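Fair warning: this is a prediction, and the values are worked out from it, not measured in the lab. Numbering of ligands and ligand atoms starts at 1, following listing order.
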Amino acid sequence: MDIIDLHTHSTASDGSLTPTQLVEAAWRAGLKAVAITDHDTVEGVAEALTAGQALGQVVVPGVEISLQGYEAQGMPASMHLLGLFLDPGQPDLAAGLERLQRARAERNPQIVAKFNALGIPLTLEEVKAFAGGELIGRPHFAQALLARKLVANRGEAFARYLAAGKAAYVPKWRFPPAEGIALLKQAGAVTVLAHPGLFKLGLAGLEALLLRLIDDGLDGVEAYYSEHDPAFTRAVLGLAARLRLVVSGGSDFHGDPKPDIALGLGRGNLRVPASLLAGLKDRKPGPARARSIALPY
Ligand code: AMP
Ligand code: FE
Ligand code: FE
Ligand code: ZN
């Protein structure tokens with residue numbers, strides 16, 4: 001079976017491969033298509049597309065952004081949204097992503113201050129050295145802690161300091177779901193709820209969440225994912241068919257930060273069928289539909 005990987009990260013966010021290296025790795029792995037979906041930035045997309053052209057590797061331009069959850073019992077506090085097949089040069093997209101990057105720029109010094117208050121003399125410059133691009137996130141803080149030998153591995157850095165509710169955690173601003181979905185659709189993207197299995201909602205809870213997101217414009221759901229077992233994937237495929245959601249899948253490959261996740265293969269058993277590409281492309285907003293979405297800024 002021909003396989004694809006529509007969820008990966010490069011050095012433009014918190015992955016360890018440059019966009020070119022990522023595309024080369026996809027080509028070596030024999031993937032029919034690879035999407036580059038960095039957190040909050042499309043900075044790596046142009047380089048990935050160029051590398052794809054040089055190799056004859058199909059590259060899908062994408063992004064992964066954070067959404068606020070819905071304020072209701074049992075709903076997750078935050079969610080990740082993938083935008084696939086987007087136009088990285090669309091002007092409203094740049095403005096929206098800048099908002100997310102400003103939120104990071106405000107949060108990062110606050111995280112540093114929390115570490116300093118804990119008696120750990122971390123500096124922002126030190127953390128920045130671990131970032132391959134402009135974007136700095138908690139994984140780079142984890143690397144800095146590891147370099148100082150304050151933790152044994154990155155997982156411990158999150159468990160002790162960086163995860164929600166821990167000593168150095170600082171929340172950051174996220175898009176309300178309808179706004180985030182509209183932002184990506186305006187840029188021509190097919191919007192997909194990332195890794196729904198991580199919510200541990202149960203199927204009824206997930207269906208309720210998807211119904212809210214569909215009201216807010218969601219197109220699809222990531223049924224195939226490294227951390228989804230086959231039964232959960234089948235259940236999500238069933239939900240997607242019933243709710244008329246398009247299906248996507250990917251590994252969430254990061255390279256070194258997630259060394260147990262392989263491009264295309266996840267933990268070894270992931271197989272995202274290339275046949276999903278047609279359905280996803282069909283769901284792309286047409287120019288008229290994209291124009292009709294009014295953005296609140
Ligand atoms: P940020 O975007 O700065 O809030 O960082 C979020 C990123 O940190 C996620 O997308 C993951 O790549 C990583 N991450 C979150 N939780 C953990 C964890 N428990 N262990 C390792 N990495 C994590
Ligand atoms: Fe990440
Ligand atoms: Fe994610
Ligand atoms: Zn991701």
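H80 contributes atom ND1 as its closest N/O/S atom to the Fe ion (ligand 3). Looking at D14, its N, O or S atom nearest to the Fe ion (ligand 2) turns out to be OD2.
Here the side chain of S13 pairs no donor or acceptor atom with the backbone of D38 at under 3.5 angstrom. In this structure, the side chain of E47 engages the main chain of T20 through a donor-acceptor pair within 3.5 Å. For the pair T37 (side chain) and T8 (backbone), a donor-acceptor distance under 3.5 Å is present.
Between the Fe ion (ligand 2) and D252 there is no N/O/S contact shorter than 2.8 Å. Between the Fe ion (ligand 2) and H39 there is an N/O/S contact shorter than 2.8 Å.
For the Zn ion (ligand 4), protein N/O/S neighbours under 2.8 Å (waters excluded) are H7 NE2, H9 NE2, E64 OE1, D252 OD1.
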>> Please evaluate residues E64 and H7 with respect to the criterion side chain to side chain donor-acceptor pair (under 3.5 Å), reporting the C-alpha separation (whole Å), side-chain torsions for both, the decisive distance (0.1 Å), and the verdict.
In response: CA-CA 8 Å; E64 181 177 24; H7 187 163; 3.2 Å; yes
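A salt bridge links D219 with K185: at least one charged nitrogen is closer than 4.0 Å to a carboxylate oxygen. Ion pairing between E106 and K172 fails under the 4.0 Å rule for side-chain N and carboxylate O.
The shortest side-chain heavy-atom distance between I65 and F175 falls under the 4.5 Å cut-off.
Rounding to 10 degrees, one finds that the Fe ion (ligand 3) sits at the corner of an angle of 100° between H195 NE2 and E64 OE2.
The one candidate from V127, L162, T123 that meets the side chain to side chain contact (heavy atoms under 4.5 Å, CB included) condition with F115 is L162.
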